[in-house]
Enquirer: 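One structure follows; several queries about it will come next.
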Amino acid sequence: LAQPVTPDLLVSPSSQDGDLGSECPEDRGNWTGRLDFLLSCIGYCVGLGNVWRVPYRAYTNGGGAFLVPYFIMLAICGIPIFFMELSLGQFSSLGPLAVWKISPLFKGVGMGTILIVSLVAIYYNMIIAYVLFYLFASLTSDLPWQHCGNWWNTDLCLDHHVIKAGNNTLPVNISNTVSPSEEYWSRYVLHIQGSSGIGDPGRIRWNLCLCLLLSWTIVYLCILKGVKSSGKVVYFTATFPYLILVMLLIRGVTLEGAWKGIQFYLTPQFDHLLSSKVWIEAALQIFYSLGVGFGGLLTFASYNTFHQNIYRDTFIVTLGNAITSILAGFAIFSVLGYMSQELGVPVNQVAKAGPGLAFVVYPQAMTMLPLSPFWSFLFFFMLLTLGLDSQFAFMETIVTAVTDEFPYYLRPKKASFSAVICIALFLMGLILTTEGGMYWLVLLDDYSAGFGLMVVVITTCLVVTRVYGMKRFCRDIHMMLGFKPGPYFRACWMVLSPATMMALLVYNIVKYQPSEYGNYRFPTWAEVLGILMGVLSCLMIPMGMVVAVLQEEGTLWEVGVQQASRPAMDWGPSLEENRTGVYVASLAGSQSPKPLMVHMRKYGGITSYENTAIEVDREMEEEDDEESMI
């Protein structure tokens with residue numbers, strides 16, 4: 001006869017012995033190096049937008065005066081939400097879907113996040129494909145966009161050498177002309193003349209298709225082993241852009257006319273601060289630049305050890321991101337100042353934002369420099385490394401979210417599952433490689449992460465502070481870091497951050513403008529499709545609520561909604577040794593009425609963090625007594 005087995009007081013899925021342990025999912029892993037997490041966050045936040053969007057927004061919204069609302073919005077909206085996401089991820093060691101054990105009623109927020117990130121990942125990798133195209137085109141002694149006279153050029157093409165010669169001899173009318181770099185971009189790279197609009201995508205551009213395939217291959221190889229592989233790649237991709245940026249900055253400020261561009265970039269126009277538009281623009285830039293709401297920060301933090309100092313890391317990443325944007329502005333506008341002097345036109349006529357800066361203006365400026373292929377290669381290699389870091393985060397977010405939902409089946413096959421996701425997104429992105437692909441890219445860029453993302457972030461903030469409870473959330477951080485967040489963070493989480501984001505949402509709706517690309521206006525059906533993309537991510541929230549309530553037993557309000565809004569039984573730190581205080585009681589198999597004593601009996605002694613757990617228990621008992629008296 002089999003001998004009776006005395007059950008341990010603490011049996012959890014993390015046990016490695018016994019019959020239960022053999023049925024447990026594979027370990028999700030952690031960062032392998034001390035700097036993996038920090039560099040991954042820096043690489044994720046410092047992306048293409050820091051180079052082609054922040055400098056342009058600065059000079060159009062008051063120059064140097066724009067830094068005032070920029071840093072105020074960073075303090076009110078950026079840093080607090082950044083810290084909140086890192087805290088949720090590190091405390092639970094769960095991805096953007098499973099983390100909603102904190103309040104299962106709102107699991108739809110995580111579903112909306114995954115939808116948004118998937119749409120963004122499709123078109124973001126297409127931008128990386130464009131960068132690869134230009135990178136390979138720079139491997140020549142004579143840049144292909146340097147002169148007119150190629151098969152793709154039209155009679156309107158006029159290069160800067162002719163302009164400069166014309167300024168010295170006869171006046172040249174450049175109002176109806178096009179630069180060689182602009183025609184190279186639109187007529188050769190995109191071949192957009194083969195499409196009449198978004199409803200007529202035309203043929204696939206096979207050179208772009210191959211670049212897109214290469215970019216997805218690079219991304220897959222780097223995330224093949226999850227954070228263990230991507231955490232090593234970022235040691236290069238997160239640091240090397242700074243080396244190139246400094247090189248471009250030094251080269252830029254030594255050019256003739258550079259000060260003209262820098263002056264244009266930084267001259268403060270304080271009257272702009274009276275305009276609400278400037279403050280909204282600053283908040284929007286902070287919102288998108290830090291990548292809050294996309295799930296990447298939460299995912300990265302979920303692979304931390306339980307007591308990682310994310311408080312310190314929050315300030316390092318957020319302030320480093322802001323400083324990088326300002327530094328990039330000097331590197332970009334110093335070259336634009338030189339370019340404006342060469343062309344004999346004002347700086348505001350050559351300055352652009354977005355792809356227009358990266359693929360038209362800056363490449364044209366490179367042709368004016370000695371060793372132009374070298375500087376062009378450096379610039380596009382910098383864009384490649386900046387873009388890859390963010391793409392790693394998007395893919396890791398999707399893969400982690402789904403594997404955490406189905407750990408028994410997918411976690412052992414994470415590499416194969418990652419391949420399936422990459423192939424699926426590559427196939428969905430093929431329409432972007434067509435002659436009319438740029439129209440679809442603009443549509444995705446305008447709507448995939450617009451008001452839907454703001455609704456996701458606002459809901460997250462309100463659920464954590466109102467439904468889960470500010471006191472409980474602060475206790476979790478106290479248990480994890482050894483101290484509670486101060487009044488600054490609590491005030492921002494409770495009032496300032498949600499109010500600011502609500503203002504952003506209302507502003508975006510009131511100031512809605514239809515999408516356009518150059519002179520092309522999108523048809524009504526395309527606008528409706530774009531709006532539906534944003535609305536669908538919002539609809540995930542009520543859909544998730546319905547599913548959560550139906551899974552509960554009892555009446556709709558008394559049991560369904562109330563029970564679904566409470567944390568799940570297994571909510572808390574993922575590792576048994578970190579489940580001190582009130583969370584020990586939620587471990588599988590725990591039979592003790594005094595969970596902290598069970599933990600001490602299992603592991604022996606009291607650590608400094610367990611002292612924190614004792615304080616939390618005492619506070620909880622005092623609150624229970626107060627509630628019972630009421």
Enquirer: Would you call the rings of Y288 and F294 parallel, tilted or perpendicular, taking 30° and 60° as the class edges?
Expert: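 It falls in the tilted class, 30° to 60°.
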Enquirer: Take the angle between the ring planes of Y517 and Y439 and call it parallel below 30°, perpendicular above 60°, tilted in between.
Expert: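 The rings of Y517 and Y439 stand perpendicular, inter-plane angle above 60°.
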Enquirer: Looking only at heavy atoms, what is the nearest atom pair of P370 and W375, with distance?
Expert: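 The answer is O-CD1, 3.4 Å.
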Enquirer: Taking I423's backbone N and O only, do any of them form a donor-acceptor pair with W216's side chain (distance below 3.5 Å, no angle check)?
Expert: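 Looks like no, no N/O pair under 3.5 Å.
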Enquirer: Report, one line per pair, each donor and acceptor closer than 3.5 Å where one atom sits in a side chain of residues 116-130; sequence neighbours left out.
Expert:
| residue | atom | partner | partner atom | Å |
| --- | --- | --- | --- | --- |
| S118 | OG | I114 | O | 2.8 |
| Y123 | OH | D445 | OD1 | 2.9 |

Enquirer: Rounded to the nearest 0.5 Å, how far apart are SG of C157 and CZ of R187?
Expert: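 The distance works out to 10.0 Å.
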Enquirer: Can you confirm whether W525 is buried at CH2, in the sense that more than 12 heavy atoms of other residues, nucleotides or ligands lie under 6.0 Å from that atom?
Expert: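 More than 12 within 6.0 Å, yes.
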Enquirer: Can you confirm whether or not the ring centre of Y265 sits under 6.0 Å from the ring centre of F330?
Expert: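 Under 6.0 Å, so yes.
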Enquirer: For the CG atom on D155, are there more than 12 heavy atoms of other groups (residues, nucleotides or ligands in this structure) within a distance under 6.0 Å?
Expert: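 Check fails, neighbour count at 12 or below.
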Enquirer: Is any side-chain heavy atom of C209 less than 4.5 Å from a side-chain heavy atom of W206?
Expert: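 Side chain of C209 against side chain of W206, heavy atoms only: contact under 4.5 Å found.
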Enquirer: Donor-acceptor pair, S229 side chain versus G226 backbone, under 3.5 Å?
Expert: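 Confirmed, S229 side chain pairs with G226 backbone.
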Enquirer: To the nearest 0.5 Å, how far apart are CG in L248 and CG in L378?
Expert: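 Output value for this atom pair is 6.5 Å.
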Enquirer: A238 and L39: which non-hydrogen atoms are nearest, and at how many Å?
Expert: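 Distance-wise, the nearest heavy atoms are CB-O, 3.5 Å.
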Enquirer: Test side-chain contact (heavy atoms from CB on, under 4.5 Å) on Q341 and L255; report intermediate values, then the result.
Expert: CA-CA 10 Å; Q341 179 158 311; L255 294 171; over 6 Å; no
Enquirer: So do the side chains of R251 and V335 get within less than 4.5 Å of each other, counting heavy atoms only?
Expert: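 With C-beta onward as the side chain, the pair stays apart.
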Enquirer: Locate the shortest heavy-atom distance separating G231 from S40; write the atom from each residue and the value.
Expert: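 Scanning both residues completely, I find the closest heavy atoms to be CA-OG, 4.4 Å.
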Enquirer: Give a yes or no answer on whether the side chain of W31 reaches the backbone of V227 with a donor-acceptor pair at less than 3.5 Å.
Expert: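 Answer holds: no.
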Enquirer: Looking only at atom types and distance, does a side-chain atom of S215 sit under 3.5 Å from a main-chain N or O of L212, one as donor and one as acceptor?
Expert: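 Looks like yes, one N/O pair under 3.5 Å.
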Enquirer: Can you check whether P180's main-chain N or O pairs, donor with acceptor, with W185's side chain at less than 3.5 Å?
Expert: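 Side chain of W185 to backbone of P180: no pair is present.
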Enquirer: With a 4.5 Å heavy-atom cut-off, do Y507 and K277 have their side chains touching?
Expert: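 They are in side-chain contact.
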Enquirer: Is the closest side-chain donor-acceptor distance between D389 and T237 under 3.5 Å?
Expert: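 D389 vs T237: donor-acceptor pair found between side chains.
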Enquirer: Is the closest side-chain donor-acceptor distance between T267 and Q263 under 3.5 Å?
Expert: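 Q263 and T267 do not have a side-chain donor-acceptor pair below 3.5 Å.
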Enquirer: What verdict does the side-chain contact (heavy atoms from CB on, under 4.5 Å) test give for T324 and Y242, after you've listed the backbone C-alpha separation in whole Å, the side-chain angles of each residue and the deciding distance to 0.1 Å?
Expert: CA-CA 8 Å; T324 303; Y242 284 95; 2.7 Å; yes
Enquirer: Should T524 and V528 count as side-chain neighbours, where that means a heavy-atom distance under 4.5 Å?
Expert: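 Side chain of T524 against side chain of V528, heavy atoms only: contact under 4.5 Å found.
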Enquirer: Which value, rounded to the nearest 0.5 Å, describes the distance between L432 atom CG and R205 atom CZ?
Expert: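 Taking CG in L432 and CZ in R205, the distance rounds to 14.5 Å.
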Enquirer: Could you pull out all residues at least two apart from S418 that satisfy side-chain hydrogen bond (donor to acceptor under 3.5 Å, both in side chains)?
Expert: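 Expected list: none.
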Enquirer: What are the two closest non-hydrogen atoms of F82 and C45, and how far apart are they?
Expert: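 Minimum heavy-atom separation between F82 and C45: CE1-SG, 3.7 Å.
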Enquirer: Verify the ring-centre separation between F240 and F381: is it less than 6.0 angstrom?
Expert: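 Here the rings of F240 and F381 have centres that are less than 6.0 Å from each other.
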Enquirer: Identify the two heavy atoms, one from A328 and one from L245, that lie closest to each other, and give their separation to 0.1 Å.
Expert: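 Minimum heavy-atom separation between A328 and L245: CA-CD1, 4.1 Å.
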Enquirer: Go through L343 and M368 one step at a time and tell me if the side-chain contact (heavy atoms from CB on, under 4.5 Å) criterion holds.
Expert: CA-CA 10 Å; L343 297 177; M368 302 178 184; 3.8 Å; yes
Enquirer: Excluding sequence neighbours, so at least two apart, what forms side-chain hydrogen bond (donor to acceptor under 3.5 Å, both in side chains) with E527?
Expert: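 Checked E527 against side-chain hydrogen bond (donor to acceptor under 3.5 Å, both in side chains); matches are Y447, Y512.
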Enquirer: Between Y338 and A365 (side chain of the first, backbone of the second, donor and acceptor by atom type, cut-off under 3.5 Å), is there such a pair?
Expert: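 Answer holds: no.
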Enquirer: Do side-chain atoms of E435 reach the backbone of R203 as a donor and acceptor pair under 3.5 angstrom?
Expert: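 Flag set: sc E435 to bb R203 pair under 3.5 Å.
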Enquirer: Quick one, F66 with Q269, criterion side-chain contact (heavy atoms from CB on, under 4.5 Å). Give me CA distance, side-chain angles, the key distance, then yes/no.
Expert: CA-CA 8 Å; F66 181 73; Q269 300 170 2; over 6 Å; no
Enquirer: Can a donor-acceptor pair be found between the side chains of Y188 and N153 at a distance below 3.5 Å?
Expert: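 Short answer, no.
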Enquirer: Kindly indicate whether the side chain of S390, heavy atoms from C-beta on, has any atom under 4.5 Å from the side chain of L48.
Expert: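 Sidechains of L48 and S390: no contact.
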Enquirer: Answer yes or no: is there a side-chain heavy-atom contact under 4.5 Å between L443 and I198?
Expert: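 L443 reaches I198 side chain to side chain.
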Enquirer: Please find the pair of heavy atoms, one from L143 and one from S138, that lie closest to each other, and give the distance.
Expert: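 Residues L143 and S138, closest heavy atoms: CD2-CA, 3.8 Å.
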Enquirer: Please confirm whether Y134 and Y184 have ring centers closer than 6.0 angstrom.
Expert: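 Yes, they do, as the ring centres are separated by less than 6.0 Å.
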Enquirer: Determine whether the aromatic ring centres of residues W52 and Y362 are separated by less than 6.0 angstrom.
Expert: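 Ring centroids of Y362 and W52 are no less than 6.0 Å from each other.
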Enquirer: Look at the side chain of E183 and the backbone N and O of T154, then say whether any donor-acceptor pair between them is shorter than 3.5 Å.
Expert: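 Yes; judged by distance alone, with no hydrogens or angles, the pair exists.
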Enquirer: With a 6.0 Å cut-off on ring centres, are F379 and F377 close enough?
Expert: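 No, the ring of F379 stays outside the 6.0 Å limit from the ring of F377, centre to centre.
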Enquirer: Answer yes or no: is there a donor N or O on one side and an acceptor on the other, between the side chain of S195 and the main chain of I192, under 3.5 Å?
Expert: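 Here the side-chain-to-backbone pair does not exist.
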Enquirer: To the closest 0.5 Å, what do you measure between CG (L135) and SG (C211)?
Expert: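 The CG atom of L135 sits 9.5 Å away from the SG atom of C211.
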Enquirer: For a 4.5 angstrom cut-off between non-hydrogen side-chain atoms, does F359 reach V131?
Expert: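 Yes, at least one pair of side-chain atoms sits under 4.5 Å.
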Enquirer: For F522 and Y520, run ring pair (Phe, Tyr, Trp, His ring centres under 6.0 Å): C-alpha distance rounded to whole Å, both residues' side-chain angles, the deciding distance at 0.1 Å, then the answer.
Expert: CA-CA 6 Å; F522 284 71; Y520 176 77; 5.4 Å; yes
Enquirer: Does D36 form a side chain to side chain donor-acceptor pair (under 3.5 Å) with T32? I'd like the steps, not just the answer.
Expert: CA-CA 7 Å; D36 291 12; T32 55; 3.3 Å; yes
Enquirer: Got M339 and F333 here, is their nearest side-chain heavy-atom distance under 4.5 Å?
Expert: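 Counting from C-beta outward, M339 and F333 never come under 4.5 Å.
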Enquirer: About how many Å separate OG of S515 and CD of Q513, when rounded to the nearest 0.5 Å?
Expert: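 Here the interatomic distance stands at 10.0 Å.
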Enquirer: Atom NZ of residue position K232 - does it have more than 12 heavy atoms of other residues, nucleotides or ligands inside 6.0 Å?
Expert: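 Yes, the 6.0 Å shell around NZ holds more than 12 heavy atoms from other groups.
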Enquirer: Would you give the length of the straight line joining atom CG of L425 to atom CD of Q391, rounded to the nearest 0.5 angstrom?
Expert: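 If I round to the nearest 0.5 Å, the distance is 8.0 Å.
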Enquirer: Just by modelled atom types, is the T397 backbone N or O under 3.5 Å from a matching donor or acceptor in the T400 side chain?
Expert: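 Not confirmed, T400 side chain does not pair with T397 backbone.
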